[in-house]
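In this chain, residues are counted from 1 in sequence order.
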Amino acid sequence: MKLYAVSDGPPSLAVRMALEALNIPYEHISVDYGKAEHMTDEYEKMNPQKEIPVLDDGGFFLSESNAILQYLCETYASSGELYPKDPKERAVVNHRLCFNLAFLYPQISAYVMAPIFFDYQRTDMGLKKLNIALAAFETYLKRAGTKYAAGDSLTIADFPLVTSVMCLEAIAFNIGEKYPTIQQWYTGFKNAHPTLWAITAKGMAEIAEFEKNPPDLTGMVHPIHPIRKVGTK
């Protein structure tokens, strides 16, 4: 099994945590985002979306981190702990995965990641959208009253949510001030699963460094995002 991934991207980190949790041996093939290796024709053969990560399981190529997480559990999990079999329990896990993909991470990415890597600014409107998403997550966690994002046991729903919130910590965003339940869940994950957290912590350190010293991507040609000029933020 091979995983084409970056070292700091939340979707890549979420899949790597799942592989670790499931004790699945794999080869991590680093994709150099700065050199636009994900935009090559060779990469496009694995993933026409040209996004990261991509799983190669013996010639079966799968993109979209949520789909990868589900596939790994369906194929390799010896129990249903990470991805419950019960329809209602699984529905909650699926909801949290969709919530992060469609509602939470887009706002975190736009506020944290885009200004680091591309020619975007952090704006009051971006902060407002981010707070709306965080407030919804806070409400879900508070109403559920569970230790983890989708129940009292660790599931694959926690992995992408943790890696999303990690981006905020990387730029010293004070989560606990307005969202104590998110902070409690996030800290609880770190304490309960230090081996898994160590994977994400390395990515967070890279993002924190990029926040101080944005990478030079002027050689990249991106079809959507404008490239930031060197020396600007």
Quiz item: Does the ring centre of His193 sit less than 6.0 Å away from the ring centre of Tyr148?
Solution: yes
Exercise. Compute the centroid of each ring, for His95 and then for Tyr140, and state whether the two points are separated by less than 6.0 Å.
Key: yes
Exercise. Please confirm whether the backbone N or O of Ile175 pairs with a side-chain atom of Gln183, one donor and one acceptor, at under 3.5 Å?
Key: no
Out of curiosity, [X] [atom1] to [Y] [atom2], how far, rounded to the nearest 0.5 Å?
X: Leu72; Y: Leu22; atom1: CG; atom2: CG; answer: 6.5 Å
X: Ile24; Y: Leu3; atom1: CD1; atom2: CG; answer: 10.5 Å
X: Ser164; Y: Leu134; atom1: OG; atom2: CG; answer: 10.0 Å
X: Leu97; Y: Asp158; atom1: CG; atom2: CG; answer: 9.5 Å

Quiz prompt | Non-hydrogen atoms of Ile182 and Glu138 that approach each other most closely | solution = N-OE1, 3.0 Å
Exercise. Please report the closest heavy-atom contact between Pro160 and Asn66, naming both atoms and the distance.
Key: CG-OD1, 4.4 Å
Quiz prompt | Side-chain H-bond candidate by donor/acceptor type, Glu209 with Asn213, under 3.5 Å | solution = yes
Quiz item: Can you find a side-chain donor-acceptor pair between Thr195 and Glu20 that sits under 3.5 Å?
Solution: no
Exercise. Decide side-chain contact (heavy atoms from CB on, under 4.5 Å) for Trp197 and Met204; before the verdict, give the C-alpha distance in whole Å, the side-chain angles of both, and the deciding distance to 0.1 Å.
Key: CA-CA 10 Å; Trp197 170 248; Met204 184 176 70; 3.9 Å; yes
Self-check item: Any residue meeting salt bridge (Lys or Arg N to Asp or Glu O under 4.0 Å) with Glu169, in chain and number order, not counting sequence neighbours
Solution: Lys190
Exercise. Would you please name every residue forming a salt bridge (Lys or Arg N to Asp or Glu O under 4.0 Å) with Glu27, sequence neighbours left out?
Key: none
Self-check item: By side-chain hydrogen bond (donor to acceptor under 3.5 Å, both in side chains) - contacts of Asn131 (at least two apart)
Solution: Tyr179
Could you point out which residue of [options] forms a side chain to side chain contact (heavy atoms under 4.5 Å, CB included) with [X]?
X: Thr163; options: Pro11, Ser65, Ser12, Pro10; value: Pro10
X: Ile171; options: Met113, Lys212, Arg122; value: Arg122
X: Tyr4; options: Ile29, Ile52, Leu55; value: Ile29

Practice problem: Quick one: list whatever passes side-chain contact (heavy atoms from CB on, under 4.5 Å) with Glu37, sequence neighbours left out. | Solution: Val31, Asp32, Lys35
Quiz prompt | Phe137: ring-ring contact (aromatic ring centres under 6.0 Å, His included) partners, not counting sequence neighbours | solution = Phe99, Trp185
Quiz item: Going by the salt bridge (charged side-chain N to carboxylate O under 4.0 Å, His left out) test, which pairs reach into residues 56-85, not counting sequence neighbours?
Solution: Glu74-Arg90
